[in-house]
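Comments concern the structure below.
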Amino acid sequence: MLFYVIRPWQVGLWAALGLVSDVVRDTATGLMPSHAEHRVILAVEEAGRAAAEQEQPGGPRPAVLCRTGELSPEHADELAGFDTVLSCPLAPADGTSGGHSIGTLLVAAEEDVLQTLRGAMEVLALQAALALSRIMLNDEVNRRDSEAYFRALVHNTADVIMIVGGEDEIRYCSPSATAMFGREALEGNHLLDLVVPEERERSAGYLLRARQERRGETTDWTVWGFGDRRLQVEVSSRDLREDPAVSGLVITLRDVTQRRRLERELTHRAFHDSLTGLANRALFIDRVTLAVDRARRNGTIAGVLFIDLDDFKDVNDTMGHPVGDELLTSVAERIKGVLRPHDTAARLGGDEFAALIEDSTGTGAIEAVAERVVRVLSVPVPVGDQRVPAGASVGVATTRHAHDGDELLRHADLALYSAKGEGKGQWRRYQPALHEALVERLQLKADLDRAIAEEEFSLRFQPVVGLTGAGTVGFEALVRWEHPSRGTLPPGEFIGLAEESGLIVPIGTQVVRQALATAARWPTRAGLSPYVSINISARQFRTPGVVADLLRELDEAGLPPHRMMLEIVETLLLHEDEEVWADLAELREAGVRVAIDDFGTGYSSLSYLRQMSLDVVKLDKSFVGEIALSAQQRALVEGIVRLANTLGLEVIAEGIETQEQRDILADIGCPFGQGYLFSKPLPGGETFPWLVDDLDDPAAH
């Protein structure tokens, strides 16, 4: 058999390594999110020879995150300014380096970016290792210049090496072609006959450039493999027509079908949400940036929708995370169904979704999409034998008011905030006035911090009276903020912000202290001592040591525990939190009474009325307001009162404004009530004459 010695095109080893290093840097930059700061180093020890000759115990190490200070001084200096580095060993998977690492790919960036791109960078390191190992093998061939050595290499490599003549006919093919193509003799066949029809024109262009430009670029072809399987092969070429031992174009084919599939999967995972399959935050932000630039060039309008599910936390807490995940998946499908094929739907995290609308001729079309999203999500989602609410609030922003992608996203976030603030299940567009509202909110937050330090909160007390003439049994303490410039603010203007920021805890502490101090001075009469009812937020109640703190405040105020009632929200009881239940039981054992506030307005469950340590049910004013107008509403209230009586619970009706409402409630057996029919909330000083009058004549109020 006549064997041709293939001599590689004479390119300096270090020049080739530099080319690989440049390609790796460019590829890593392409994988990074837009504008992400990063730096890439391809470190090859002694041109890879020394590292390749040293065995790694247990095989090559996986990619790891490390601190810059843990690197060698040389690399640490090059990566100065970055805290975290992803270190990927260069070890080709095809065995060309014996399974040993020939160097390291070092990528420095923010830690969350590196975590997201870890898999993609491992693939890039693998490709770099393969390229480097082939360069080193070629260098080794040149160094040894041994025909026997090179013959063994060609006969045993998995790559297919061909010598192609001037008419693209195959003049020589290495034995590995049998495994790839299922045929032993390819000599004499046309190379492009192996390529799938739709790629032959592009492949012919590649061969033409290889001859004209005399450079060995690398590309991918799809060829017909063994059993007519479509294989993706990496193709490289060298023009050795002037070498008399070769006199042709040397083509190398490497099967990369599995590797390309893995790369596509890793790239998809890096930029898509694993639960819903939608674009993730990184991909969405990148597409928004491109869409804004495109809209500016072609004179169209792009829009962004921020979509936030209403009460999703309650779904997770009451029905479990598996149901929550099914809900999120269904919501993703509904959002995709509303959009056009070239629009982008994304999950930004948790229950936050987004949509990018491109190439619109006006803002009306984008707002119509927001309307459809709200409408399609207003229909509950069937999950098993349950129907789970999927309602959402939507914020809309367009490039009409935004100059770049970042500004467009900020506008959409402001619009969503406006939609949430005005109620659930609706959408709002961005308006420049929202900036003013945000500035006002930030100022209010700063004022709230100061108000806590200056103790600017005061209390009003609304009497709780017996509906059958039993007189005043207690007062509900209601907080007000005495703002130095805006006057007295009701809780609706600051409690939400206090809850979000965590400031509700110190505010709650001040409210408890003031309420107990006031109640301790109230006059009493034989058999009846008015109690004070204090609302306590779920966040405050979950503060460690809350029971001990409350009992200590009672002791310092000199008020017996039975004269304090705590009003808690229903959602606090829906977590099945044993610690919460134990704390409630401990308070009741000490003598403190516990009431459920606004019963019937949330995810009400009659089961916890039986299971929990409770004393009082406060019937929300929405039930009371319709009781004189609707027989059905009256029957519902009557049923709740009877159930509470059966369970040994008292009922307090809130929001009583007319004598007719009072008479109906008394008639159906509701013992207590409060509302403007009896009194508006009173300053602390006015509670004393109220109680004095009540002691003289319990029926006076």
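For clarity, every value in this text was computed on a predicted model and none was experimentally measured. Counting from 1, the numbers follow the sequence of the chain as shown.
- Residues meeting the side chain to side chain contact (heavy atoms under 4.5 Å, CB included) test with D308, sequence neighbours left out: D351, E352, L416, K420.
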Working for side chain to side chain contact (heavy atoms under 4.5 Å, CB included), residues Y206 and S237: CA-CA 9 Å; Y206 171 84; S237 63; 3.1 Å; yes

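- Counting only distance, with no hydrogens or angles, the side chain of T104 and the backbone of P89 share no donor-acceptor pair below 3.5 Å.
- For H403, the side chain to side chain donor-acceptor pair (under 3.5 Å) partners two or more places apart in sequence, or in a different chain, are E407.
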Side chain to side chain contact (heavy atoms under 4.5 Å, CB included) assessment of L278 paired with F353: CA-CA 9 Å; L278 300 183; F353 293 84; 3.9 Å; yes

Side-chain polar contacts of residues 321-329 - donor-acceptor pairs under 3.5 angstrom, sequence neighbours left out - could you list them?
| from | atom 1 | to | atom 2 | distance (Å) |
| --- | --- | --- | --- | --- |
| T329 | OG1 | D325 | O | 3.0 |

Criterion side chain to side chain donor-acceptor pair (under 3.5 Å) on R287 and T344, from CA distance to verdict: CA-CA 8 Å; R287 290 188 177 178; T344 300; 3.3 Å; yes

CA sep, side-chain torsions, deciding dist, call: D413, R410, side chain to side chain contact (heavy atoms under 4.5 Å, CB included): CA-CA 5 Å; D413 197 30; R410 288 197 303 271; 5.6 Å; no

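- Within the structure, side-chain hydrogen bond (donor to acceptor under 3.5 Å, both in side chains) pairs that include any residue of residues 62-73 comprise R67-T84, S72-H75 (at least two apart or interchain).
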Stepwise side chain to side chain donor-acceptor pair (under 3.5 Å) test for D286 and T289: CA-CA 5 Å; D286 189 61; T289 302; 5.6 Å; no

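- In terms of the side chain to side chain contact (heavy atoms under 4.5 Å, CB included) criterion, residue partners of A397 (sequence neighbours excluded) are, by chain and number, L408, H411, A412, Y430.
- Side-chain contact annotation: R25 with S21, donor-acceptor N/O pair under 3.5 Å present.
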Side-chain donor/acceptor pairs under 3.5 Å, residues 116-124, sequence neighbours excluded:
| from | atom 1 | to | atom 2 | distance (Å) |
| --- | --- | --- | --- | --- |
| T116 | OG1 | D112 | O | 2.9 |
| R118 | NH1 | A63 | O | 3.0 |
| R118 | NH2 | Q115 | OE1 | 3.4 |

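- Looking only at distances, a side-chain donor or acceptor of N189 sits under 3.5 Å from a matching main-chain atom of L186.
- Side chains of D26 and T29: a donor-acceptor N/O pair is absent below 3.5 angstrom, by distance only.
- Take D228 and apply the side chain to side chain donor-acceptor pair (under 3.5 Å) test, not counting sequence neighbours, and it matches no residue.
- Partners of R230 according to the side chain to side chain donor-acceptor pair (under 3.5 Å) rule, which considers only residues two or more places apart in sequence or in another chain, are E198.
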Worked verdict on R171 versus S247 for side chain to side chain donor-acceptor pair (under 3.5 Å): CA-CA 10 Å; R171 290 171 33 209; S247 301; 5.1 Å; no

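- Between C173 and E187 the shortest side-chain heavy-atom distance falls below 4.5 Å.
- With sequence neighbours excluded, the residues satisfying salt bridge (Lys or Arg N to Asp or Glu O under 4.0 Å) with R202 are E199.
- R260 is linked by a side chain to side chain donor-acceptor pair (under 3.5 Å) to D220, E234, E263, counting only residues two or more places apart in sequence or in another chain.
- Side-chain N or O atoms of H342 include none that pairs as donor or acceptor with a backbone N or O of R340 at under 3.5 Å.
- Between the R209 side chain and the E217 main chain, no donor and acceptor come within less than 3.5 Å of each other.
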Chi angles and distances behind the side chain to side chain contact (heavy atoms under 4.5 Å, CB included) call for V369, L339: CA-CA 7 Å; V369 175; L339 304 182; 3.8 Å; yes

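- Listed by chain and residue number, T257, Q258, R264, E265 satisfy the side chain to side chain contact (heavy atoms under 4.5 Å, CB included) test with R261 (two or more places apart in sequence, or in another chain).
- In terms of heavy atoms, F284 sits closest to A346 at CD1-CB, 3.5 Å.
- In this structure R211 satisfies the side chain to side chain contact (heavy atoms under 4.5 Å, CB included) test together with V164, D168, L207, R241, L249, sequence neighbours excluded.
- The pair E358-R294 meets the salt-bridge criterion, since a charged nitrogen lies less than 4.0 angstrom from a carboxylate oxygen.
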